[in-house]
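Values in this document were obtained by computation on a predicted structure and should not be read as measured data.
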Protein chains: 2
Amino acid sequence: MIDKKNEPGDTSLQPLEKISMTDRVESRLGEYFKSQGLVPGDPIPKELEIAEALGVSRNVVREALSRFKMLGMIETKKRRGMVMTQPDILNSLERVLDPYLLDSHARKEIFELRLVLEMGLSHLLFARIRKEHIAELEEIVQRELNAKSVKERVQCDIDFHATLYKIAGNDILRRFQKLLLPVFDYELSYELKLKDKVSQGKVTHQGLLRILQTGTPQEFESAMYEHLKPHFDTIS
Amino acid sequence: MIDKKNEPGDTSLQPLEKISMTDRVESRLGEYFKSQGLVPGDPIPKELEIAEALGVSRNVVREALSRFKMLGMIETKKRRGMVMTQPDILNSLERVLDPYLLDSHARKEIFELRLVLEMGLSHLLFARIRKEHIAELEEIVQRELNAKSVKERVQCDIDFHATLYKIAGNDILRRFQKLLLPVFDYELSYELKLKDKVSQGKVTHQGLLRILQTGTPQEFESAMYEHLKPHFDTIS
DNA sequence: TTGGTTATATTTGTACTACATTAGTACTTA
DNA sequence: TAAGTACTAATGTAGTACAAATATAACCAA
């Protein structure tokens, strides 16, 4: 997607990137954490010690540390110093997944990622679905059938698929989907502008639900493919 | 995974988190970028302007900006100021996906994510596979059959699956998998310690390859499930 | 001794100043 | 016109100072 600069075969003259002290201190600290095998809870050196050891100002060190703090990799307590913490891996993604900041290629790939995820969910779904989940999906399908506006229908679409992720019972996956939503939404509204209507696959939500109740994971996977295929075709 | 603090129903007394100025400035800037609808290339205010506008020191502003720089959301040029850039969404993930920093629950969920991805890949694979890919997979399978040590076999396993991602032709997916690899590896070596041998599914790489040549996406998806099922069972 | 209070020291958080470095801009000069 | 020069505006780095929080030590009283 990005990083075209560093593609192996690229011989064009790119402006040589000058890494700042902060960048260097950051990567140096990252190496240090790994080489020391630090795990959450372990203390790390004081700001001044680091600054002195690396021969830079405390200012620079703090800018680097600030980055690790944002990632949730370290936490600070006054007088006690800093300790490693368990980062929330999706926290940083959140800040970056703004569709307006992504180019169309990246958006396409992310949309494709969605398709892959939802097709891959099938086995997990069948393994973990409960009666109350079925009821929840029923409700959404009903709501969709009664929907008056496009906006309403789109909301039902979002709800239906979000519920699937919930059923899968994997927190990271669920949150991941939630983060990706704005990107999907962006592509959908783009599609809407382009074709003046949201594509409707051969298989409806109702069809998917029926398969969940009485079908097999294989059937579901194929059905999901058919369900999403129109979007798939639009973006590629 | 984390963030248990902010679960809705939690009434336990958590230490009230004191957000630093840097945190506040960061989120304030994030809001600003979005509200202004800034896209890559657009300039943003000068450090001093921001500091003055928010009533904080330039120091704090720089710590917040440093975070955005790390995410690749802004770039700075001396004398010219700063401009929005297109972030590389996986860049930040890279720093955080250290298996030693993740707890077992997070690792399990990530491993599960892998299963979902690889099962979901099937349609993409069939749509994009080329002859040279088949040859590449053939070579890996051969290498695996001739492998002497466990280490060698594990490497073949990694190569085979990595090649699948490559065939899928989605850069983000491919890089995503590459990032997840250390986590998989960690789980695998854990499994190895536990059971003294790597689980072997009913379907081998050779079997998967055969299906890729003459089978259907549905068959492949099921086969992949069988192939990965042992790991699946081990972690859950 | 026990319990509680106070003092002290350490470490992070914020602010401010100063100067280096880079790179546009305008002006000068041949 | 073209090259060079001085100027200027912005970020990058360093250093100092002090505020705020808090673990630890010292102290005092029952």
Side-chain angles (χ1 to χ4, degrees), chain A residues 5 13-30 32-33 36 38 40-85 87, chain B residues 5 13-30 32-33 36 38 40-85 87:
Chain A
K5 320 169 192 177
L13 283 175
Q14 299 287 344
L16 34 85
E17 51 181 283
K18 30 211 132 153
I19 30 196
S20 65
M21 276 297 169
T22 300
D23 291 331
R24 295 218 295 242
V25 170
E26 185 210 331
S27 69
R28 190 78 188 63
L29 280 175
Y32 174 80
F33 295 154
Q36 297 291 307
L38 298 185
D42 291 346
I44 66 175
K46 317 302 172 202
E47 291 179 352
L48 269 175
E49 292 178 41
I50 298 172
E52 216 166 311
L54 300 183
V56 295
S57 78
R58 190 176 154 224
N59 225 324
V60 168
V61 172
R62 279 186 61 82
E63 284 185 20
L65 288 172
S66 171
R67 297 177 174 182
F68 288 108
K69 285 177 204 164
M70 177 192 58
L71 296 176
M73 285 180 66
I74 63 179
E75 241 173 42
T76 59
K77 291 237 161 97
K78 285 194 179 170
R79 157 91 202 207
R80 278 230 313 242
M82 299 174 283
V83 297
M84 301 293 295
T85 51
Chain B
K5 321 167 191 175
L13 283 177
Q14 299 288 342
L16 34 85
E17 50 183 281
K18 31 212 132 153
I19 30 194
S20 65
M21 276 299 170
T22 301
D23 291 331
R24 294 219 295 245
V25 170
E26 186 210 332
S27 69
R28 190 77 188 65
L29 281 175
Y32 175 80
F33 295 154
Q36 297 291 307
L38 297 184
D42 290 346
I44 65 176
K46 316 304 172 199
E47 291 179 353
L48 269 175
E49 293 177 41
I50 297 172
E52 213 166 313
L54 300 184
V56 295
S57 80
R58 188 175 156 227
N59 222 324
V60 168
V61 172
R62 279 186 61 84
E63 283 185 21
L65 288 172
S66 171
R67 298 176 175 183
F68 287 109
K69 284 178 205 165
M70 176 192 60
L71 296 177
M73 284 180 65
I74 63 179
E75 240 173 43
T76 59
K77 291 235 160 103
K78 286 194 179 173
R79 157 92 201 203
R80 278 232 311 244
M82 299 174 284
V83 297
M84 300 294 294
T85 51

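Computed from coordinates, the A:E63 CD to D:dG15 P distance equals 15 Å when rounded to whole Å. The nearest whole Å value for the distance from the NZ atom in A:K78 to the C1' atom in C:dT10 is 12 Å. Distance, A:E52 CD to D:dT16 P: 12 Å, rounded to whole Å. Atom CG in A:N59 sits about 13 Å away from atom C1' in D:dT11, given to the nearest Å. In this structure, CE of A:M21 is placed 12 Å from P of C:dT22, rounded to the nearest angstrom. For B:K18 and D:dA21, the NZ to P distance is 8 Å, given to the nearest whole Å. Separating the CG atom of A:L48 from the P atom of D:dT16 is a distance of 11 Å, rounded to the nearest angstrom. Residue A:R58 contributes atom CZ, which lies 18 Å from atom C1' of D:dG12 at whole-angstrom precision.
Close to C:dG13, at under 4.0 Å from its OP1 or OP2, lies no side-chain N or O of A:K77. Distances shorter than 4.0 Å separate none of the side-chain N or O atoms of A:K46 from OP1 or OP2 on C:dA9. Contact annotation: A:S57 side-chain N/O to D:dT13 OP1/OP2 distance is not under 4.0 Å. Under 4.0 angstrom from either OP1 or OP2 of D:dG12 there lies at least one side-chain N or O belonging to B:R62. OP1 and OP2 of D:dA10 both lie 4.0 Å or more from every side-chain N or O belonging to B:T76. Of the side-chain N and O atoms in A:R80, none sit less than 4.0 angstrom from OP1 or OP2 of C:dT10.
Shown here is A:Q36, whose CD atom has more than 12 heavy atoms of other residues, nucleotides or ligands within 6.0 Å. Counting heavy-atom neighbours within 6.0 Å of B:E49 CD, excluding the residue itself, gives a total above 12.
Nearest nucleotide to the A:R79 side chain, out of D:dT11, C:dT14, D:dT22: D:dT22. When each of D:dT11, C:dT12, D:dT22 is scored by its nearest atom to the side-chain atoms of A:E47, the top-ranked nucleotide is C:dT12.
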**OP:** List the steps, then state whether salt bridge (charged side-chain N to carboxylate O under 4.0 Å, His left out) holds for B:K18 with B:D23.
**Re:** CA-CA 10 Å; B:K18 31 212 132 153; B:D23 291 331; over 6 Å; no
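Counting heavy atoms from C-beta on, the side chains of A:V60 and A:R24 never come closer than 4.5 Å.
Checking side-chain atoms of B:S66 against main-chain N and O of A:E63 turns up a donor-acceptor pair under 3.5 Å.
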